[in-house]
Amino acid sequence: MPTVTIDGCKVEVDRDATVLDAAKKAGVWIPTLCYHSSVSITGACRICMVELDRGDWRQLITACNYPVRQDIVVYVSSERARKARCGIMELLLARSPESEELKALAEQMGVKGTPYPTVTESQRNCILCGLCVQVCEEIIGQAAISFAGRGVDKTVASPFRQASEDCIGCGACAAVCPVGTIKVRVHKDEREVEISPFKSRAKLLVCKNCGAPTVSIEVAEQALSRLDIDIEEFRQLMQFCPKCRRSQAAACLKSAVFDKKKNECAAG
Ligand code: SF4
């Protein structure tokens, strides 16, 4: 197994593990934004830059996608690596100046703000990490969003920037967005869920008992098609929200206990 020496600390990792994996094993923190263990690694945001010692020179690499194939020496806290990461953070802050998640990470890294002008309103608050695009395609299988435009006009959008019919309103893109730009909005009156800023809307199932919205109809249908379960039982289950399901289960349990006690009294 190859050995990675990170800031003087030696760890052994499997061949082809990444420098980020090695750092985690060594207990060394490296900031990440576009990295997610569920999807393929792109190294798009560059916030995980570290220095790789190549003997007579040192190279800046991204820790999340650099495979370890031999013994290597890496510096996470060197001046050059730290400066590179802070520089990237300043650029990202210019793109997403209002993101609380990004500001918290910047503070953790010791970055106070950005010297760069913030981007225009239409591109605001997206750092173009692409995690939402990957999750929608690789995990959900919908590919309802993708990169659009070029250069400074590059954004993540639905086709023709219109509400996408492929969006099932699952909210997975919002769940992984590292800067909190994608939001799931529930419109109770219309019984719809909206994925902002993509303008996509999906119809929601509503609890038969309390009227609370549960999941989008398409998400329920996808779950049905993917799971090996009794369809009728699943349909019954999906008629109620988790809270009502729990209270119904509790009521059933209570009445079962009551019936058992009643029968015991009658018998004895
Ligand atoms: S909510 Fe829509 S855009 Fe987001 S991951 Fe699900 S299908 Fe894709």
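Whatever order the structure lists ligands and atoms in, that order sets their numbers, starting from 1. Remember, predicted model here, so these are calculated numbers, not experimental data.
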Practice item. Using atom types as modelled and distance alone, determine if a side-chain donor or acceptor of S200 lies under 3.5 Å from a backbone N or O of I195. Key: no
Check your understanding: Would you say K25's side chain and E12's backbone share a donor-acceptor pair under 3.5 angstrom?
Key -> yes
Practice item. With side-chain contact (heavy atoms from CB on, under 4.5 Å) as the test, would you mind laying out the steps for D16 and R69 before giving the verdict? Key: CA-CA 6 Å; D16 281 333; R69 298 201 170 127; 2.6 Å; yes
Check your understanding: In the single-linkage hydrophobic clustering (I, L, V, M, F, W, Y; side-chain heavy atoms under 4.5 Å), do I41 and V133 co-cluster?
Key -> no
Review point. Relative to atom 4 (Fe) of ligand 1, how many protein N, O or S atoms have a separation of less than 2.8 Å?
Key: 1
Exercise for review: For T155 and R161, test the side chains for any donor-to-acceptor distance below 3.5 angstrom and give the result as yes or no.
Suggested key: yes
Study note, to complete from the structure: Partner of Q142 under side-chain hydrogen bond (donor to acceptor under 3.5 Å, both in side chains), picked from Q222, E218, E137, is Q222
